[in-house]
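Read the structure below first, then the notes.
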2 protein chains.
Amino acid sequence: MPIRLNAADASFENAFAALLTGKREASVDVADTVAKIIADVRARGDEALIEYTKRFDRLENLDAGSLAISQADLDAAIDACDAKTLDALKTAAMRIEAYHERQRPEDARFTDTAGVELGHRWTPVSAVGLYVPGGTANYPSSVLMNAIPAKVAGVARVVMVVPTPDGVVNPLVLAAAKISGVDEVYRVGGAQAVAALAYGTATIAPVDKIVGPGNAFVAAAKRQVFGQVGIDMIAGPSEILVLADGDNDPEWIAADLLSQAEHDESSQSILITDDAGFATRVEEAVARQLKALPRETTATKSWADFGAVIVVSKLEDAVPLVDRLAPEHLEIATADPDVLLARVSNAGAIFLGRHTPEAIGDYVAGSNHVLPTARSARFSSGLNVLDFMKRTSIVRCDPEALRAIGPAALALAEAEGLDAHARSVSIRLNM
Amino acid sequence: MPIRLNAADASFENAFAALLTGKREASVDVADTVAKIIADVRARGDEALIEYTKRFDRLENLDAGSLAISQADLDAAIDACDAKTLDALKTAAMRIEAYHERQRPEDARFTDTAGVELGHRWTPVSAVGLYVPGGTANYPSSVLMNAIPAKVAGVARVVMVVPTPDGVVNPLVLAAAKISGVDEVYRVGGAQAVAALAYGTATIAPVDKIVGPGNAFVAAAKRQVFGQVGIDMIAGPSEILVLADGDNDPEWIAADLLSQAEHDESSQSILITDDAGFATRVEEAVARQLKALPRETTATKSWADFGAVIVVSKLEDAVPLVDRLAPEHLEIATADPDVLLARVSNAGAIFLGRHTPEAIGDYVAGSNHVLPTARSARFSSGLNVLDFMKRTSIVRCDPEALRAIGPAALALAEAEGLDAHARSVSIRLNM
C-alpha cells in the first residue's frame, strides 16, 4: 500500500520531508569498469569498440565495415513497421517538430547609449550523439524526443548509437531515426559507445554533445566524458504528481498514477486531493486496475514502495507541497486548472484539466518527454532546442565608445590588481 | 617562449592537435576530503560549519550569531570604498543589468490546429547560492556577473558566501554584493560553505542552485552536491584567442594577450595572424611589456608554457582553427571583423575591431564574463539569465482535442508495451 498522509496531522511535516529526501534508486558504482572501457576505446579506437561489442552484444562477425546501420537499413525498417504505428510515429514527429520550432531563439545586435555595440548570437552545436538503449527501455518515442529538437536547432550531424544484442534491433527505433532525420546510426552501446562518441574512432567521428537515456554504465560513462563533450541531464526514475478534486472519475486518475508506476519499480506516483473519500476511491481503483496490467509486478512494487496519497483541506494548500516535490509531471485535474497553474512554480511539465492524461505528453502533445526528475525541476528544464545551441556574446567599441566606458574598466582592473587588463584598455586611450 | 606554428608546415596538424588536447591544469584529487566535510555539515549543520570555518579561516570567536555579514556591514563597506572605484562598480552594475534585462525569456500559450492548447512558462529559481573566493581571486566584478543575472531572472533569495581568512574581507566585494541586491551574506567558504548552501543549516537555509568560481575544494564540492542542487559550469583557466591582421599596433595586441596570461599560470593566450612579421613584432612587444607587469612571473609562465602564435596564409584559414579551439574569448582585430564573425561558430564571447580589448568584457561592456573554457564553447554558453530560470511545458486537451490526438498516443503506447499509458488515454475516449 502507498503511504497515506493528511496535511492536518501533526506528524505531516516529518512524513512529507521523508518523502522528499527518500532515495528511490540504488546507486551502482561502476565507475572503475567504465573508466577502463573509456580509456581502452580512446587508445585503441574501433578495435576496442568492436571487441567490447562482440563480447557484450554477442555479435561474432562484427567488423569496422558493419558498425554502421545504413540509411538503406533504416528504409527497410520503415517498410517492416506496422502501418498504423508508423502513422502514429509520423504524427508524433510532426507535432514535436512544430512545438519545438517555436523554441528557436533570436539573435540580437544593438548599440547602447554609450555607443557600445552589443549583442548575442545563437549557433547550433556541430555534432550531437544520441544514445538509445537496447532491451526493455528501447523506445521509439525517445528517439523522436531527442533527435527532433537537435535537428530543429540546426545540428548538422546527429549520430545515433543503439546496441543490438544478438543482432536484434527494434524496427520502430530505426524508423524513428529515419523520420527524425538522424544522419548516422551505429550498432554499439554501453560505455564503449559513449567513449566512441566522445573521443571518436576511425569509423565514428567524435561529437560535441551526447544526449539520451541509458543504464548505470551509460550514465557513468556520460559523467566521465563530460567536459570532453557536453551531456544532457542524467535522468532518474519517472514521477507523476496528480492534483485532483473530488469531481474527477477515480478510474481516470488511477490510470494516470499507474501510467508512471508501470515504468520502473523506482517510479513514483503521488495523488494530492482535498477529498478523503475520493482518495480512497482512487486507491481502490488502482488496486483493481493493477490486476489487469501486463506490467503488474513493476507497477505494484512502485505504487507500494513509493506511491503516496496526500489529503489537504483545500487544493491551494497543495501549492507549496508541489513546489517542494518539483515533480517531473504535474496533472492539475480540476474544473479551472489555470488558478493553480498560476501559483505553482516547480514542475517539468504541467497537464491541465480532466482530459489531459500525462501519457499524451509522452507521445503526441508535441512538448518534450525528457524532463527533470528527482526534484531537479527546482533548477532545470526539460530538453529543448536551446540544449542543442550555444550563445556567443558580441561586443564592439569604436574609439568614442571605448573613451566612454574604458575608464570604468581601468578603475576596476586596477582595484583588482590586474595591471595587464588595465593596460590593454589604457594603451588604446593613450593614457 | 610560446610555441610558433605555421599552418603551411607539414607538421602543423599534429602540433595543432597537441595544442587542443594539452591539459593545462594539474587535477588535484580532493574528493574524499570534500565528501567527509559535506557529510559532516549535512549531519551537524551550523556546529560543523563553524568548526571548519574557525579552523581553516582562523576565526576563533565565530558563533552562529556571527556567521552572517549584515546589510549594515555591507553599507559600511560601501562607505569604506574609494569613490572612483565605487562609481566604476556602479557603472558596471548598471551596464550588466541593462544587457541581461534583454535576456528575459517570453512565455507562450497557443492552441494548435488539432485544438490542443500548448505552451511554456519560465519561472525563476527560488534561491541561489553565490560562492565568492577569498584570497587572490576575490574579484568584485565576479560578484556583479553572478548576482545581477540572478536578480534580473527574478530570483527571490540570492545568498552569497565568502571566506574571510583571519577576518579579512575585501570591502569592494561586499559593496558589489550590496549593489547587486544580494539578500544574505555569510563569512564561510570552502567545501563547508557549499555543503551549507546545498543542505542548509539552522542559520543558512538551503538554496536550489549554486554558482560562482572557487578552488579545487569548492569545485569538488559543487560536483558532489550536484543533483541535490543545480550548479553552474566548473570554470577552467582563462583563455584568449586574438585573430589579427598586420595593420594592428603590435603593442595593443601584446597587451591583450597578456591580459589573460596574467590571470593564472595555466591561462592560455593565442595569436593567429596572416602576417609573420607582425607575429614577431607582437612577440617582441609581449617580451617588453612582461617586464613591466606586477604579475610578471605568472604571465611569463603562462605565455611560455601555453602561449601560441600561429601564422596562416590568409585569415579566413583561421576559421576552422578557431572553431576547434572554441576559445573563451575571441578578438577579431581587423578592419571589417563582421566578415570573420559570420563564419566563426564556437566562442564564448567575441570582441570586434581594433578598439575592443577583451578586458572591456571583463568589467563594463555589460555582457557576462563567466564564459565557457577548455573548448566547451563547442556546446555551452556563458552565464545568462536563463541559467537562473527553468521552463515548464504546458499541455491542455479538451475532449475534442483528446479525440484528435489520443489514438496516435494509444498506438505508440501499445507499440512500446506500456499498457497503463495506453489505458490512461483510452479510458477517457471510452475505447
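Keep in mind the model is a prediction, meaning the values are calculated, not measured. Letters A, B, ... are given to chains in the order of the sequence lines, protein chains preceding strands, and every chain is numbered from 1.
- Contacts of A/P140 with chain B are made by both backbone and side-chain atoms, with heavy-atom separations under 4.5 Å.
- Applying the side-chain hydrogen bond (donor to acceptor under 3.5 Å, both in side chains) rule to A/T123 yields the partners A/K390; only residues at least two apart in sequence or on another chain are considered.
- The aromatic rings of A/F379 and B/F226 sit tilted, their planes meeting at an angle between 30° and 60°.
- Here the CD1 atom belonging to B/I405 is positioned 13.5 Å from the OH atom belonging to A/Y363, to the nearest 0.5 angstrom.
- Scanning all heavy atoms of the two residues, the minimum distance from B/I427 to A/W252 falls at O-NE1, 3.6 Å.
- For the options B/F351, B/Y99, B/F388, heavy-atom pairs under 4.5 Å to chain A are most numerous at B/Y99.
- Only the backbone of A/A377 comes within contact range of chain B, judged by heavy atoms closer than 4.5 Å.
- When the candidates B/K209, B/M389, B/Q289, B/R375 are compared by the number of heavy-atom contacts under 4.5 Å with chain A, B/Q289 comes out ahead.
- For the options A/I332, A/V116, A/D387, A/V229, heavy-atom pairs under 4.5 Å to chain B are most numerous at A/V229.
- By the 4.5 Å heavy-atom criterion applied to side chains, B/E358 and A/V395 are not counted as neighbours.
- Contact count versus chain A (heavy atoms, under 4.5 Å) is highest, among B/T85, B/L386, B/D112, B/D87, for B/D112.
- Take A/E251 and apply the salt bridge (charged side-chain N to carboxylate O under 4.0 Å, His left out) test, not counting sequence neighbours, and it matches A/R288.
- Residues B/E416 and A/S141 bring a donor and an acceptor atom of their side chains to less than 3.5 Å of each other.
- The candidate from A/P105, A/S259, A/G361, A/A255 with the greatest count of non-hydrogen atom pairs under 4.5 Å with chain B is A/S259.
- For the set A/S367, A/S380, A/S376, A/A413, the count of heavy-atom pairs under 4.5 angstrom toward chain B peaks at A/A413.
- Listed options A/M233, A/Q228, A/R391 were ranked by heavy-atom pairs under 4.5 angstrom with chain B; first place goes to A/R391.
- Ionic pairing of A/D256 and B/R428 is present here: one or more N-O contacts between side-chain nitrogen and carboxylate oxygen are shorter than 4.0 angstrom.
- The closest donor-acceptor contact from the side chain of B/R121 to the backbone of A/L341 lies under 3.5 Å.
- Of the possible polar contacts, none joining the A/H421 side chain to the B/A359 backbone as a donor-acceptor pair under 3.5 Å is found.
- Atom CG of B/D323 is separated from atom OG of A/S126 by 6.5 Å, given to the nearest 0.5 angstrom.
- Interface residue B/L89: backbone and side-chain heavy atoms are both found under 4.5 Å from chain A.
- Residue contact with chain A, scored on non-hydrogen atoms closer than 4.5 Å, involves the backbone and the side chain of B/A365 alike.
- Proximity to chain B (any heavy atom under 4.5 Å) is restricted, for A/A342, to the backbone atoms N, CA, C and O.
- The OG1 atom of B/T356 sits 12.0 Å away from the CD1 atom of A/I394 when rounded to the nearest 0.5 Å.
- When all heavy atoms of A/G406 and B/I360 are compared, the closest pair comes out as CA-CD1, 4.0 Å.
- Contact annotation for B/A176: neither backbone nor side-chain heavy atoms come within less than 4.5 Å of a heavy atom of chain A.
- Listed options A/A415, A/A374, A/P399 were ranked by heavy-atom pairs under 4.5 angstrom with chain B; first place goes to A/P399.
- Contact of A/A108 with chain B is not made at all, since no heavy-atom distance falls under 4.5 Å.
- Comparing B/G119, B/G382, B/A326 by how many heavy-atom pairs each has under 4.5 Å with chain A, the most go to B/G119.
- Between the side chain of A/T392 and the backbone N or O of B/A347 there is at least one donor-acceptor pair closer than 3.5 Å.
- The existence of a salt bridge linking A/R354 and B/D398 is excluded, since no basic side-chain nitrogen approaches an acidic carboxylate oxygen closer than 4.0 Å.
- Counting only distance, with no hydrogens or angles, the side chain of A/S393 and the backbone of B/A349 share no donor-acceptor pair below 3.5 Å.
- A/L293 touches chain B through its side chain: at least one heavy atom from C-beta onward sits under 4.5 Å away, while N, CA, C and O do not.
- The contact between B/T91 and chain A is made entirely by side chain atoms (from C-beta outward), counting heavy-atom distances below 4.5 Å.
- When side chains are defined from C-beta on, A/D338 counts as touching B/R396, because their heavy atoms get closer than 4.5 Å.
- Contacts of B/A292 with chain A are absent, with no heavy-atom separation under 4.5 Å from either backbone or side chain.
- B/R403 does not touch chain A: none of its heavy atoms, backbone or side chain, sits under 4.5 Å away.
- Rounded to the nearest 0.5 angstrom, B/E262 CD and A/S424 OG are separated by 8.5 Å.
- Annotation: cation-pi geometry satisfied between A/R102 and B/F110 (NZ/CZ under 6.0 angstrom from ring centroid, within 45° of ring axis).
- What you find for A/L258 and B/A420 is that their closest heavy atoms are O-CB, 3.5 Å.
- Contacts of A/V207 with chain B are made by backbone atoms alone, with heavy-atom separations under 4.5 Å and no side-chain atom involved.
- Separating the CD atom in B/Q103 from the NE2 atom in A/H120 is a distance of 7.0 Å, to the nearest 0.5 Å.
- Of the residues considered (A/R95, A/Q260, A/K84), A/R95 shows the highest number of contacts with chain B, using heavy-atom pairs under 4.5 Å.
- Taking CG of B/L412 as the start and CG of A/L172 as the end, the distance is 8.0 Å to the nearest 0.5 Å.
- Of the residues considered (B/G353, B/P407, B/P294), B/P294 shows the highest number of contacts with chain A, using heavy-atom pairs under 4.5 Å.
- The greatest number of non-hydrogen atom pairs below 4.5 Å with chain A, out of B/E117, B/K90, B/R423, B/R223, is found for B/R423.
- Side-chain atoms of A/R378 do not come within 3.5 Å of backbone N or O of B/G230 as any donor-acceptor pair.
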